[in-house]
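Reviewing the structure listed below.
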Amino acid sequence: MTKFKEEDAWIFNPEKECMTREEFEELQLRRLKKVVKYAYENVPFYKDLYDENGVSPDDIQKLEDIQKLPFITKDDLRKTYPFDLQAAPKDDWVEVHSTSGTTGIPTVAAYTQKDLDIWAESTARGLASVGVQKDSIVNVAYGFGLFTGGHGAQYGAQKIGALAVPMSSGNTKKQMNFLMDFPADFLCCTPSYALYLAESFEKEGIDPKSIPLKGGLYGAEMWTEEIRQKLESKFDISAQNIYGLTEVIGPGVSTECHIKEGMHIAEDHFYPEIIDPETLEVLPEGEEGEIVFTTLTKTGMPVIRYRTKDITSLNYHKCDCGRTTVRMSRITGRSDDMLKVKGVIVFPKQIEEVIMKMDELSPAYQIIVSRPGTLDEIEVQVEIDQANFSDSMTDLEGFRTKIARNIKDAIGIGVKVTLAEPYSIPRSEGKAKRVIDERDFS
C-alpha cells in the first residue's frame, strides 16, 4: 500500500490526450506538412538534404508520406554544431540547452518561448498522471544548467501551479535535510539517485518510508521493472517512468501514467515511428525496434525523422487511465550501446534484471568489459546488501557462483562475478555509469 492514491492522478489536457485516432492523425498530418515546409524554407541543411534525395514539402500528402523523407542522426546534429539546425531567428531564442558531449561534439538546441510552452505542457501531463496538484510540492533533483532534465520537471510543475523546489543533483546530505525539513510530495530524479537517497537515509538510521513522498517521475537513464519495485518498496511511493531527449525537446516527450503499461507520447507534438535499425524499414504496431521522432510543433530547432537509437515498441490501444495517446514500452536498450562479446549481443539491462531480482544484492553494480588476450571477458561487480543477507549464509563462493549462473542463463555467455565491499561501488548523483568497456578497437 503506497502513499499514492489512484484517485489523485488526473488528465491535464483531456482535449489533446483523449482524441480519437482519426483526430490525432488529422492533426498530425496538418502539423507535419507545416513543419516540413518550415524546415525546408528556414534551415539550409534540410533544403540540401531533401533536394539531394529528390523530395520536397509538396510530397507530404498523407501521414505515410513521411517515409519519403530521409532520416537524420546525431552525426548530422554534430555536423551542424552549434546553431546551423536552428530554424527560428536568433531574436526569437529565449533559452539554450545542450547534451553533455561525453561521446563527441555536444548537441545544442535553442528554444523559442513557444518551445518552452510546449515543453511545460508535455511535462505537466506526466506530472498530473502521478498525482501532482496545484497545492503539491515537487522536489526536482535532476541536474540543471545546460542539461534539460531539471528544467523540464520544473516547468511542468509550474504549469500545473505546483511549488517546484529546484534542488538539482548532488549534495546528498543537503537533499536529505530538505526532504525532511521541507517535505515534498513528489521527487523527480534519476532512479539510481533515488535509490542512493534511500540507501543514504538507511545509513543514518532513517526509514525512507517516513519521508512523506507520494511518487515521482524517474528517468534520464534506462531502468528496469525490478528497480521500480525496489524504489516503490523503499519509499512507499508510485514510481513512474519519464522519457525525453534534448534533440527532441527534453524530458516529457512521453510519460507513464499510474496504470504503468507504457509511456504516453505527447503525439500531438512528437510523431513516433518504429524502424528496424538494420534495414530502416518502418515496423508495425507492437514490434520492437528503434524509435524515430519528428517534432510537429517545435520552432527553434525542428527535428524530422530523428533516429534516437533507443529500442522500444508502440501500443495504440486506449489505456485504462482514459488517455488515447500512443504508448511506448520501457526502453530495453540502445542500438548503439549494445555490447558484442564473444559474438553474442548483450544489453546491460539483461544483467541488471538478474541483479535486481536478488534481494541479497544492493542496487549498485558495475559491468567491466575487457580483452586481456584475444578473447573478450565480462566482469560484473556486485555488492551484498547486508540488510537482506542472512547471517547463516556463509558460503559466499556458492552465492557468487549462483549469481554467475543466473547471469549466464540470461545472456547466454559466462561472466566473472566479483563480490565487492559494501558501498565500494561508485554511486552517482546524476546518471549512473554502469558499463566500462576497456577494449581497444583501434
Side-chain angles (χ1 to χ4, degrees), residues 11 13 16-32 35 60 62-69 71-73 118 122-123 125-126 129 217 219 222-225 228 240-245 247-298 303-336 338 347 349:
I11 299 176
N13 189 343
K16 288 294 188 286
E17 297 180 73
C18 303
M19 291 192 290
T20 65
R21 181 51 40 195
E22 293 75 18
E23 289 171 332
F24 269 124
E25 292 180 354
E26 181 183 341
L27 177 63
Q28 288 168 337
L29 177 58
R30 188 165 66 249
R31 289 180 168 178
L32 177 63
V35 74
I60 306 299
K62 55 185 184 296
L63 269 180
E64 291 76 14
D65 288 338
I66 194 173
Q67 297 178 36
K68 297 177 180 178
L69 303 174
F71 298 104
I72 65 169
T73 67
I118 292 166
S122 301
T123 313
R125 294 180 187 182
S129 73
L217 293 177
M222 285 185 288
W223 54 303
T224 59
E225 188 61 32
R228 187 213 301 278
Q240 294 166 215
N241 209 342
I242 183 170
Y243 171 85
L245 53 168
E247 296 87 344
V248 177
I249 205 162
V253 172
S254 67
T255 46
E256 195 175 43
C257 68
H258 67 281
I259 302 298
K260 300 175 185 172
E261 293 182 355
M263 292 175 281
H264 292 269
I265 298 173
E267 59 173 314
D268 49 327
H269 297 294
F270 314 109
Y271 182 76
E273 302 171 86
I274 298 291
I275 65 168
D276 182 315
E278 299 295 329
T279 66
L280 305 185
E281 174 190 1
V282 175
L283 300 176
E285 176 184 0
E287 287 200 26
E288 190 171 77
E290 178 184 336
I291 193 161
V292 173
F293 277 108
T294 294
T295 58
L296 298 174
T297 53
K298 200 175 170 195
V303 292
I304 300 172
R305 301 203 86 193
Y306 177 69
R307 293 186 59 184
T308 67
K309 304 295 185 180
D310 291 326
I311 304 300
T312 182
S313 61
L314 296 178
N315 178 356
Y316 285 89
H317 291 85
K318 181 179 179 180
C319 181
D320 288 344
C321 73
R323 293 174 179 84
T324 55
T325 44
V326 62
R327 285 169 285 160
M328 58 184 281
S329 61
R330 184 186 293 276
I331 301 298
T332 58
R334 286 182 56 83
S335 61
D336 63 350
M338 60 187 182
F347 286 105
K349 183 181 176 184

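The model shown is predicted, which means the values in this text are computed figures rather than measured ones.
Counting only distance, with no hydrogens or angles, the side chain of Lys349 and the backbone of Thr224 share no donor-acceptor pair below 3.5 Å. A side-chain donor-acceptor contact under 3.5 Å links Thr295 to the backbone of Val303.
Here the closest heavy-atom approach between residue Asp65 and residue Ile60 is recorded as O-CD1, 3.5 Å. Of all non-hydrogen atoms in Val253 and Gly250, the two that sit nearest each other are CG2-O, 3.5 Å. For the residue pair Leu217 and Gly126, the shortest heavy atom distance occurs at CD1-C, 3.7 Å. Across Ile242 and Pro251, no two heavy atoms sit closer than the pair CD1-CB, 3.9 Å.
Residue Val292 forms a side chain to side chain contact (heavy atoms under 4.5 Å, CB included) with just one option from Phe71, Tyr306, Tyr271, and that option is Phe71.
Other residues, nucleotides and ligands place more than 12 heavy atoms under 6.0 Å from the NZ atom of Lys68. Residue Glu26 places its CD atom among 12 or fewer non-hydrogen atoms of other residues, nucleotides or ligands, all under 6.0 Å distant.
Between Glu247 and Thr308, the closest side-chain pair of non-hydrogen atoms is not below 4.5 Å. Between Leu69 and Thr294 the shortest side-chain heavy-atom distance does not fall below 4.5 Å.
Checked against side-chain contact (heavy atoms from CB on, under 4.5 Å), Thr312 has the following partners two or more places apart in sequence or in another chain: Ile274, Ile291, Met328, Ser329, Ile331. Ile259 pairs by the side-chain contact (heavy atoms from CB on, under 4.5 Å) definition with Cys257, Glu261, Cys319, Asp320, Cys321, not counting sequence neighbours. For Glu288, the side-chain hydrogen bond (donor to acceptor under 3.5 Å, both in side chains) partners at least two apart in sequence or on another chain are Thr332. For Lys260, the side-chain contact (heavy atoms from CB on, under 4.5 Å) partners are Arg228, Glu232, Ser238, Gln240, Glu256, not counting sequence neighbours. The side-chain contact (heavy atoms from CB on, under 4.5 Å) check on Ser122 picks up Ile118, Ala266, His269, Phe270, with sequence neighbours excluded.
Here salt bridge (charged side-chain N to carboxylate O under 4.0 Å, His left out) pairs that include residues 265-287, with residues two or more places apart or in two chains, are Arg21-Glu267, Arg125-Asp268, Glu273-Arg305.
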Evaluate the criterion side chain to side chain contact (heavy atoms under 4.5 Å, CB included) for residue pair Glu64 and Val282; output intermediate values, then yes/no.
CA-CA 10 Å; Glu64 291 76 14; Val282 175; over 6 Å; no
Full working for side chain to side chain contact (heavy atoms under 4.5 Å, CB included) between Thr123 and Thr255
CA-CA 8 Å; Thr123 313; Thr255 46; 5.9 Å; no
From CA spacing to verdict: side chain to side chain contact (heavy atoms under 4.5 Å, CB included), Ile311, Glu290
CA-CA 5 Å; Ile311 304 300; Glu290 178 184 336; 4.2 Å; yes
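Atoms CZ and CG, from Arg323 and Asn13 in turn, are 10.5 Å apart once rounded to the nearest 0.5 Å. A distance of 8.0 Å separates NZ in Lys309 from CZ in Arg334, rounded to the nearest 0.5 Å. Annotation: the span from Ser313 atom OG to Arg327 atom CZ amounts to 10.5 Å, rounded to 0.5 Å. A distance of 9.5 Å separates CG in Leu296 from CD1 in Ile304, rounded to the nearest 0.5 Å. Between the CZ atom in Arg330 and the CG atom in Asn241 there is a gap of 5.0 Å [rounded to 0.5 Å]. Note that the CZ atom of Phe24 and the OG1 atom of Thr325 stand 5.5 Å from one another [nearest 0.5 Å].
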